[in-house]
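First the structure, in the form of structure tokens, and then the observations on it.
Residue numbering restarts at 1 for every chain, and letters A, B, ... go by the order of the sequence lines. The structure displayed is predicted, hence computed values, not measured ones.
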Protein chains: 2
Amino acid sequence: MTTRWLTPDEQRAWRAYIAASHLLEDAIDRQLQQEAGMPHLYYSILAHLSEAPERRLRMTDLAERTKITRSRLTYAVTRLEKDGAVRREGCPSDRRGSIAVLTDAGTALLERTAPGHVETVRATLFDHLTPEQVRQLEEMFTGVARGLQGGSPGSVPPEELPWRRRSSGPCA
Amino acid sequence: MTTRWLTPDEQRAWRAYIAASHLLEDAIDRQLQQEAGMPHLYYSILAHLSEAPERRLRMTDLAERTKITRSRLTYAVTRLEKDGAVRREGCPSDRRGSIAVLTDAGTALLERTAPGHVETVRATLFDHLTPEQVRQLEEMFTGVARGLQGGSPGSVPPEELPWRRRSSGPCA
DNA sequence: TAGGTTTGTTTCAAACTTGAACCAAGGCCA
DNA sequence: TGGCCTTGGTTCAAGTTTGAAACAAACCTA
């Protein structure tokens with residue numbers, strides 16, 4: 001089949017998306033670097049931990065939720081551990097595993113910096129969207145994410161699809 | 001003022017957006033790394049050059065269009081130059097300036113790899129969107145980008161807004 | 001239960017990004 | 001003209017990301 005090129009509408013949408021998402025990530029990274037001393041990704045790691053039961057998650061679980069690779073997470077957690085925001089514990093039920101735990105200092109940092117972060121997200125993104133667009137945004141990107149995770153990254157044949165990691169739970 | 005926290009709708013939209021945009025960038029980076037031997041950003045640089053008159057642009061101009069910092073661009077162009085996809089030329093009218101020029105090899109690489117790239121963008125993004133959503137996407141992100149570029153990065157006061165770089169033109 | 005495979009995580013080197021500092025060259029103006 | 005501020009680009013060190021390889025524990029299965 002010959003290439004299905006993008007239509008002019010799609011072209012424009014793609015460009016706008018790429019431009020805005022770069023600018024947005026940069027703005028948020030800068031703000032968090034200033035206020036929290038860490039890039040957005042690291043902040044997200046803390047945020048995800050803070051919502052988990054007992055503020056702890058298996059590394060792989062955390063990697064999945066934050067949508068990053070394991071090695072990237074290892075590096076990040078090591079840094080956050082140095083900062084004192086996270087602590088690592090071994091997993092008693094599976095001695096291969098290690099668990100990242102949000103410390104009290106990490107919790108405090110999150111509470112201190114969350115308002116500024118939210119304000120930035122608002123100012124950069126949501127202040128430009130109507131409530132209807134917010135709903136659209138969620139719908140679109142939920143679909144896109146579903147298409148991408150746990151399978152068919154691009155054009156991988158469906159044979160490889162039925163792969164799904166078992167949810168490892170709080171490991172306890 | 002107390003923090004304007006995100007509404008549940010906004011929360012969900014934000015999470016979906018973050019997750020999908022990470023997955024999307026990863027997928028596209030992987031595909032281009034495979035097929036073109038370079039990450040998406042580098043490919044974009046070539047793409048932008050290919051559309052410029054005479055396939056050449058001032059560094060700063062190129063940085064603006066690709067939405068990246070100058071130092072990042074310097075690094076990228078140096079690499080692309082080593083690959084032979086880009087050549088640097090001095091700017092005759094302003095001896096501070098340097099111009100990135102897309103070489104024939106760069107053009108060939110672009111032509112060879114564009115179909116695969118477009119196919120990936122389609123499979124990962126546009127195949128999940130209705131034509132109406134495509135229009136919405138463009139509208140939303142155009143607004144967001146406008147809000148972010150050339151001013152008010154987050155919560156910078158309007159005093160700093162009226163900054164606008166003069167479009168330097170093809171320089172020649 | 002030994003051997004082979006899978007799974008969870010880390011490690012390592014190479015590539016990339018960041019932000020501040022630097023170096024020209026251009027512009028402005030007394 | 002001589003300073004002085006601005007602009008266009010690069011450089012440098014420190015930090016981050018990548019992908020492949022290494023490990024170790026868990027899980028088969030014969």
Donor-acceptor pair under 3.5 Å: do we get one between A/Arg72's side chain and the base of D/dT17? no
Is the base of D/dT7 touched by the side chain of B/Arg96 through a donor-acceptor pair closer than 3.5 angstrom? yes
Rounding to an integer number of Å, can you tell me how far [X] [atom1] sits from [N] [atom2]?
X       : N      : atom1 : atom2 : value
A/Arg88 : C/dG8  : CZ    : P     : 16 Å
A/Asp26 : C/dT18 : CG    : P     : 6 Å
A/Ile99 : C/dT9  : CD1   : P     : 9 Å

Can you check whether [Y]'s main-chain N or O pairs, donor with acceptor, with [X]'s side chain at less than 3.5 Å?
X        : Y       : answer
A/Thr103 : A/Gly84 : yes
B/Arg65  : B/Leu57 : no
B/Glu10  : B/Thr7  : yes
B/Arg55  : B/His48 : no
A/Asp29  : A/His40 : yes
A/Asp94  : A/Arg96 : yes

Please determine, by modelled atom types, if B/Thr78 and B/Arg88 share a side-chain donor-acceptor pair under 3.5 angstrom. yes
Are B/His117 and B/Glu35 linked by a side-chain donor-acceptor pair shorter than 3.5 Å? no
Mind running a 4.0 Å heavy-atom check of residues 73-81 of chain B against DNA chain D and sending the residues that fall below it, in number order? B/Thr74
The side chain of [X] is closest to which nucleotide in this list: [options]?
X       : options                : answer
B/Thr60 : D/dT17, C/dG8, D/dG8   : D/dG8
B/Asp94 : C/dG19, C/dA25, C/dT10 : C/dA25
B/Arg58 : C/dC16, D/dA25, D/dG8  : D/dG8
A/Tyr42 : C/dT18, D/dG9, D/dT16  : D/dT16

Position toward the 5' end of DNA chain D (nearest nucleotide), B/Ser98 or B/Gln34: B/Ser98
Hey, which of these two, A/Ser71 or B/Ser71, hits DNA chain D nearer its 5' end, going by closest nucleotide? B/Ser71
Axis-to-axis angle between the two ends of the helix from C/dT1-D/dA30 to C/dA30-D/dT1 (five base pairs per end, rounded to 10 degrees): 10°
Given DNA chain C, 5'-ward residue of the pair A/Gly97 and B/Gln33, judged by closest heavy atom: A/Gly97
Mind checking whether A/Tyr17 and A/Phe141 have parallel, tilted or perpendicular rings, split at 30° and 60°? tilted
